[in-house]
Each structure stands twice: as structure tokens, then as C-alpha cells.
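Structure record follows, encoded as C-alpha cells.
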Amino acid sequence: LGMDLTTLGLNLNSTENLHKTFGSPWSDEPAKGDPEFNVPQCYY
Amino acid sequence: DLDAADFREQASKLFEKWCELPSTDDAACPDYILQLHQNGLLKGDEITDRFFRLLTEISVAHCLSSEGINSSAMQSPQQVQSMSFLAIDIYGKLVSSILKYCPVELGSSKFFLLSKILAVTVRFIQKDAEERKGSFNPRPYFRLFINFLPDLSSLEPVVDGANFQILIAFANAFHALQPLKVPAFSFAWLELVSHRTFMPKLLTVNAQKGWPYIQRLLVDLLQFLEPFLRNAEMGQPVNFLYKGTVRVLLVLLHDFPEFLCDYHLTFCDVIPPSCIQMRNIILSAFPRNMRLPDPSTPNLKIDLLPEIREPPRILSEVDAALKINQMKTDVDEYLKTRQQGSLFLTELKQRLLLLPSDAAFAGTRYNVPLINSLVLYVGMQAIQQLQARSPNSQSTGNSALWPEFSLGASLDIYMTLILDLDTEGRYLFLNAVANQLRYPNNHTHYFSFILLYLFAKSNQEIIQEQITRVLLERLIVNKPHPWGLLITFIELIKNPRYNFWNRSFIRCAPEIEKLFESVARSCG
Amino acid sequence: DLGTIGDNLSGSTINSGGMHDQMYNLQMLEAAFCKLPQPKDSERPRTYTPRHLAATPPSYPQVQAPTVNLPAFWERLGVEGYGTDTLFFAFYYQQNTYQQYLAAKELKKQSWRYHRKYNTWFQRHEEPKVATDEYEQGTYVYFDFHIANDDSQHGWCQRIKTEFTFEYNYLE
């Protein structure tokens, strides 16, 4: 009967994208460390 | 022209020198890279291959030698030992520095060098996995790609085109390292493919041009899993990989639903029929700008929904399997002439069967992708005809068209299949139809209509039972449930035309009777 | 046999080629299951390298507090207003880090706008006198981060600039 997919550690009702903090296919914890960010060249 | 020993000696010395450079001192980098370039090590020729192969070997060996317990002893997942990634990280930094400071003109040469380095890395992993088999350790290579991905995929933050090329180079590398080719790398592979510095980028840069690459990688994974998922019982490693796959599909469902929508046919070809929930995730996807009416809304008029007339976008090649199996011409011929008594219909069942040798490997006697392709292709032709014949009609499937509609060649094909196929074949055919019950579009509407029409017209109870089963087994699994599936089932059990509640099979066993009572309650 | 819930046709008669491949794949998968990538395998601490190494007493914190990478920390600085100088400090002195990214995000939220030519943040002091598709003109507050070497010109403060033209193609 499959599984309760809300128990896999992903906030499926989130208004934010999940991939920014997607830790790994094995963990139900959000990613540690800096999420992906890009600083425009002109900030340097 | 250096012989192997000298070359190894020289490469090791150069790597040691790189290791001694203070990691913060960015000033020394360009000089060091220039020296490599002047030594002729960065031309992208055979010497370059040997150089990077050696550095890979040295850094991986250092990493493995640092591991606590001997990696050949079978360990439990919890027992995985720590290992030092120092050499791997330093080698990763060398590669990103080379690509950053290498004195070549921008664009192609840098990208050419990256492709060479990735090719060397892929071949090295494939060879190591072949030689070590069960004692192959994927973690050093995982770490190496974790170094490469963020550094190299943002090499030229300004030049988006270069970025896209680099992401494609990684996609090709991962395709070459797919689980069917390097099964011992499967877990690391899925984590890299779904990594937040790779998959989302390739799905967003360059206006969806990266989609085919991610689709191909997902198919690589599902093809590997398919034989192990046919049986409901899975061992722990397969279950773990399956669960990881479901997580990745949920991220795609949430963030990139259009991607799952547009390739649903391809994914249904490689997901075994027993993976009902996994397939439901794909089929439940709908465009983010669409609002789905609640299927249990009383007197919901599907025909009047604006989206119901629109065709869904399909990026899979619908008639590919028909062409491969030399069926497309005959199908088109029949749809056009509808020649009575033609051999096409009588031979149809036979042509959907696999050769016995293929059947054994495929775990079924039928060519599932061919059935999927035939059902969808034939339906699309019918929809086109219906809309051409009555351009202003509100929808493709309202019952007013039943008499005229029932003359359609497409329906001949469906009726032939539902009556000629054996139980297994009919199940796969009904699955192919049910796979089109998705979000509001004219395919969902047409195929919902087909399923209900077959229920009403085929006067064999076993067929009605099987149609019910195909719908029910998709509804009793945990969520998500595709919108089109729900509205079809509700129509079946509510519309007196189908006389559903008088069918004997809903009382074929006490638990089935209870199941339908609960269904009746939940559907009001 | 009417559906998939129940016995399956598969598994029993896979040909030798297939069985070997599948069996081999399964064995390799089981072996890999004992060598899963660990969470720390993919953590690459963005090594914060101080510009000028200075020996400080060991009792001083020797690494940055993780709080500094929390968006909430910078949002609070932004909201209460007194933290604007801190935002500018992170922007100009923690370049190419997540902090700089977060500080810039907060400054934008407070209607500061970055001028790419002057590398300076401007904020409207009042509604611009002139505004076209290409530029706007008026009185602005700007953050003067320049501190001349001979210390003659005391920067690091907010100044008023009248009659300034902010050309939009310099707006980041």
C-alpha cells in the first residue's frame, strides 16, 4: 500500500522550494551548511 | 614520452608541491597552474589523461588508506568508518583552480579540459568498480564529485551558457556511471544526481533545455530498480534505494511538477505495475498554475472545466515504441481506412507479446511500453478527430457523441484488446488507459470516458471486475492520488448508468464488501 | 492474477543472462549499502579564511559562530534598524560568503539599492524629483564605506547626496 509520504522528512506543503535544502535521498533532515547562493560579480 | 615510472614520479612531486601551497594563498595558484601548462600537462592529450588519472589514483589511495576498518570486511551501514578526504579535497581544488586559471581562451578549451577530466574520472571509477567488485568503496569518488559540482558548475557565474555546458558534462558523466553500469556506485550516484547543486540547476537553467538529461538519469535509475521492484517484498538495500528514489520524486513533484507531467509516459514505461504509489506520484503532478476542483464536489461538471479541452504537453515520444516494433504504419492504416475484417485487429494481441527470451527477463509476457504507446497514440488520434468534427463542442467526451463516437476506429482497437487479451494482457491494457487519468486535460477526459465506456459496453463481469480493480488498487494505496483517477471512480460508483452497486464482485469477499462500504461513505 | 496485488509472474524464469546481471547487481548493491555516503561526506565547510591571520588569546572564539549563517540573524538586524552598520560591515568585509548574500538581501528589504559603478548602496531620502525609464534624480542617503588611508576622509557613515542621478543600468 506504499508509505505515508509525509513521514519522509519533506515538508510537502512548503511554499518554498524543497530542493534548496534537500539534504540527501537517505536523510529526512534538511541540508546543513550554506544553501546554494550566488553573489553577483559586482559585489566583489 | 616519459616512461611510466618517471611520469608517476614527476606527477607525484607536482601534486606534493600543490599540497604544500597554503590553501588560502590564491596568489600562488596562477603561477603553479602556469607551470603545469608549460610542462605540457594541460593540452588535453594523452599526457593530460595520464596526469589526471595518476592524481585521481593518488588521492583515492590516500583516502582509502586512511579508513579505520579494512573496507573489505562487510560492515553494517551504521558501522561506516570515517576516512580522510584531505587528498581528495586538495585534488578537487587543483582541478577547479586549473579550470579557473588555466591560460586558455574562455569557453570551449576550458570546457574541453573539464570534459577530459570528467572522462578520466568516469573511466577510473568504472575500472576500479570492475576490479574491486564487492570491496569497491564509492565514498572517495562521491566526495570528489561533491568538490567538483559547486566549484565547476558555477565556474563562470556570468556566462550562463558555459554553466549549462558544464552541467551537461556532469549529466553525461553520471549517465556513464548509472547503476546498471556501476551498481556498486548506486547510492552515491543517486545522491549526486539529486544534489541541490546539480539537479535543480539543470532543471532551471536555459529554459528547460536540461530536462532531457534529468529525464534520462531518472530512467537510468528506474531501469535498474525495475527488476527488484516487481515483487512487493524488497531486501533492505533495494528498499533503501527505493525510498531514496521516492524522496527525489517528491522534490520533483513539489518543485518541478511540469517536468513529471511532460515525461509521464516515459516514466510509466519503466516503473513496474506493482509500484502503484511511485507511479501515482508521477501521475498526480499537475502544472503549478492550475487549480484542481475538488473531485468530490457534488454535480461537478467536468465537461465545463476550461482546461478539459486542452491537450497536455507530452515530451516523451509517444509513437516511438510503435515505430520500433513496425506497428505505426498498420495502426495509421487502420485508423484511416477502418477496413473491416482486416488482419490488423486479429493479429493485434500477438504483436503485443514479447519473445519468450525477452519475456523471462522483462518479468511479463507483454511488451508494456508498446501497449502504453499504442493506447495513447490511438487515443490522441481519436481526440483529434473528435475535436475536428465538433470544434465547438465543450469537450471530447460528452455522451451526446456516443453513437457517432462509438463508430471510431480507435474504439475498435480498444474493444478488440479488452475482449481478445488474456487476464494479464487486459490488466496491462487497462493500466495504460488508467495512466492517462491525470490533471484536467483532454486526455484525462477522453480516457476516463473510454474506461467507463468499456465498463458499460463489455458485458463480461470479469472485465468489469478488472476495470474496478485497476482503479481501486490505485486508490487504496497511500496518497497522492491523481485527480483524473478520483473523478473516474466517483463517476463509476455514482452514475446509475453503470449499475455499479448491483455487481456481484463487490461482494466477492467480506473484506471487499467492507472496503466498498467505506469507499461509498468516503465518496459520499 | 487480475492485478498486481498477489503473486507475480516475474522472478521465476529470468534467463541466465538476466539472472546473472540481476544477481550481480543485487550483490553490488548490498556491498554498497555498507559503504553509504555519510552526511559529513557532502559537507564542505566553507573554510572562512581571515584576511590577515592574527594570533588571538585561545579564550577568544577561534571559529565563526554558526549563527552567522542563519538568515534569521540577519533579518533581525534588518528589522530593528540599528543593525544597518552591521549589514554594511558584512557586505564589505565578508565578501563572497553567505553572510554577504544575506546582508545584501536585508539591505534590499530596507529599500537600499546597490549602485554597480560606485559599489555603493543608496536609499531615497525623498521621492525623486525626476524619474524616467532610464534613471531617477533626487536626494539620496548613501553609505560611504570609503576610509581614506590617511584617515583624512572619515567614511563609514551615511551621508546625504543631493541632485544625484541614479542611472538604472547601474542598478544591481
Side-chain angles (χ1 to χ4, degrees), chain A, chain B residues 77 142 146 149-150 153-154 156-160 163 186-201 203-204 221 232 239-256 274-281 284 288 473-481:
Chain A
L1 298 181
M3 11 175 194
D4 176 354
L5 300 181
T6 60
T7 61
L8 295 178
L10 296 168
N11 175 6
L12 300 174
N13 297 320
S14 159
T15 51
E16 292 282 318
N17 274 335
L18 299 180
H19 62 75
K20 286 190 187 304
T21 55
F22 182 59
S24 101
W26 327 122
S27 80
D28 37 24
E29 301 288 326
K32 291 197 187 64
D34 296 351
E36 263 318 285
F37 70 95
N38 275 324
V39 170
Q41 199 76 17
C42 60
Y43 278 5
Y44 294 150
Chain B
F142 173 77
I146 286 291
L149 275 173
S153 56
S154 53
E156 310 289 343
V158 188
V159 184
D160 209 21
N163 243 351
S186 302
F187 295 109
W189 182 88
L190 179 56
E191 186 157 352
L192 290 167
V193 165
S194 62
H195 199 268
R196 60 185 186 281
T197 59
F198 175 70
M199 183 175 78
K201 281 191 177 176
L203 285 172
T204 26
L221 171 65
N239 201 338
F240 197 75
L241 187 57
Y242 167 78
K243 230 171 155 179
T245 305
V246 166
R247 272 202 187 89
V248 173
L249 289 177
L250 287 174
V251 171
L252 290 170
L253 178 66
H254 185 277
D255 296 358
F256 305 99
S274 53
C275 275
I276 297 172
Q277 185 180 41
M278 181 188 268
R279 187 180 51 206
N280 273 354
I281 293 174
S284 300
R288 273 167 296 188
E473 71 179 10
R474 293 167 180 240
L475 286 167
I476 56 177
V477 295
N478 276 294
K479 287 178 183 173
H481 300 127

Nearest-0.5 Å distance, CG of residue B/Asp255 to CG of residue A/Leu18: 4.5 Å
Interface moiety of B/Tyr242 toward chain A, non-hydrogen atoms closer than 4.5 Å: side chain
Minimum heavy-atom distance between A/Ala31 and B/Arg196, given as atom pair plus value: CB-NH1, 3.3 Å
Portion of B/Lys479 that has a non-hydrogen atom of chain A nearer than 4.5 angstrom: backbone
Distance (rounded to the nearest 0.5 Å) between A/Phe22 CZ and B/Glu191 CD: 8.0 Å
Side chain to side chain, B/Gln277 and A/Leu1, heavy atoms closer than 4.5 Å: no
Test side-chain contact (heavy atoms from CB on, under 4.5 Å) applied to A/Asp28 - qualifying residues, sequence neighbours left out: B/Arg247
For the student: nearest non-hydrogen atoms of B/His254 and A/Glu16, plus distance: CE1-O, 3.1 Å
Contacting region of A/Thr6 [heavy-atom separation from chain B under 4.5 Å]: neither
Pairwise side-chain contact, B/Lys243 with A/Leu8, heavy-atom cut-off 4.5 Å (strictly under): yes
A/Gly23 backbone acceptor or donor facing B/His195 side chain under 3.5 Å: no
A/Leu12 versus chain B, the contacting section by heavy-atom distance below 4.5 Å: both
Exercise: identify the closest heavy-atom pair between A/Gly2 and B/Asn478: O-ND2, 3.4 Å
Stepwise ring pair (Phe, Tyr, Trp, His ring centres under 6.0 Å) check, A/His19 with B/Phe256: CA-CA 10 Å; A/His19 62 75; B/Phe256 305 99; 5.3 Å; yes
Parallel, tilted or perpendicular: rings of B/Phe240 and A/Trp26 (30°, 60°): parallel
Residue pair B/Val246 / A/Met3, side-chain heavy-atom distance below 4.5 Å: yes
B/Leu250 vs A/Leu5 side-chain heavy atoms within contact, under 4.5 Å: yes
Contact class of B/Leu241 relative to chain A, heavy atoms under 4.5 angstrom: both
Interatomic distance, A/Ser24 atom OG to B/Phe142 atom CZ [nearest 0.5 angstrom]: 7.5 Å
